[in-house]
Amino acid sequence: MHLFGLVLFGFIAFFWLTHGLRVAYGAIRLPWIKDFAPAPDTDCPRISVLFAARDEEEKLPAALATLMEIDYPDLEVIAVDDRSQDATGRILDEFAAAHPRLRVVHITQLPSGWLGKPHALQKAYEASTGDWLLFTDARCAFQT
């Protein structure tokens, strides 16, 4: 019986050893992204970054500044002012005046049957023109 267990565990160990070697060999052969040139600007799909902001006057300017620094060639940013009671709408409008990639949608009333954020993001989606959509939060700072 001990011989049977030894043989069985030997086969199991052999299987995992060969499988591990195959994985290691495959990982070594993977191409590195640094070895490829970036795609030409004309080949890049349009990307829409969408977010809803409600009463975000404290953190919004810093987050918007990092968004506007992104150097992707075909990027649009759609910001929705979702019934803010503070200076959020004004901050968004000022940034939009200085940055043509930023468009602002203002919401003054919430339709019945909707929750605030889903409605705001739906309005952002409707205003977007991108092939790819990136939904984010108004307080997120992006590293460029």
Using a 4.5 Å cut-off on heavy atoms from C-beta on, say whether the side chain of [Y] contacts that of [X].
X      : Y     : result
Leu67  : Phe95 : no
Ile78  : Val49 : no
Leu102 : Leu64 : yes
Phe51  : Val80 : no
Thr88  : Leu60 : yes
Asp74  : Asp41 : no
Arg103 : Glu76 : yes
Leu134 : Ser48 : no

Within one Ile-Leu-Val-Met-Phe-Trp-Tyr cluster: [X] and [Y], side-chain cutoff 4.5 Å:
X      : Y      : result
Val104 : Ile70  : yes
Leu50  : Val105 : yes
Leu92  : Ile107 : no
Ile91  : Phe142 : yes
Ile28  : Tyr25  : no

Interatomic distance, [X] atom [atom1] to [Y] atom [atom2] [nearest 0.5 angstrom]:
X      : Y      : atom1 : atom2 : value
Cys44  : Trp132 : SG    : CH2   : 13.0 Å
Lys123 : His106 : NZ    : NE2   : 14.5 Å
Leu75  : Arg101 : CG    : CZ    : 4.5 Å
Leu3   : Leu8   : CG    : CG    : 11.0 Å

Residues Arg83 and Thr108: side-chain donor-acceptor under 3.5 angstrom: no

Looking only at side-chain N and O atoms, does His119 offer a donor or acceptor that is under 3.5 Å from a partner on Asp82? no

Before you tell me yes or no, could you show the steps for Phe4 and Val7 under side-chain contact (heavy atoms from CB on, under 4.5 Å), namely the whole-Å CA-CA distance, both residues' side-chain angles and the distance that decides it to 0.1 Å? CA-CA 5 Å; Phe4 174 75; Val7 170; 5.8 Å; no

In terms of ring plane angle, is the pair Trp16 and His19 parallel, tilted or perpendicular, where the classes change at 30° and 60°?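 Rings of Trp16 and His19: perpendicular, as their planes differ by over 60°.
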
If you draw a 6.0 Å radius around [atom1] in [X], do more than 12 non-hydrogen atoms from other residues or ligands fall strictly inside?
X      : atom1 : answer
Glu58  : CD    : no
Gln109 : CD    : no
Phe15  : CZ    : yes
Arg46  : CZ    : yes

Less than 4.0 angstrom from a charged side-chain N to a carboxylate O is my criterion; do Asp137 and Lys117 meet it?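 Between Lys117 and Asp137 there is a salt bridge, with a charged N closer than 4.0 Å to a carboxylate O.
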
Side-chain ion pair, Glu56 and Lys59, N-O less than 4.0 Å: no

From CA spacing to verdict: side-chain contact (heavy atoms from CB on, under 4.5 Å), Tyr125, Leu121: CA-CA 6 Å; Tyr125 163 73; Leu121 293 176; over 6 Å; no

Looking only at atom types and distance, does a side-chain atom of Thr66 sit under 3.5 Å from a main-chain N or O of Ala63, one as donor and one as acceptor? yes

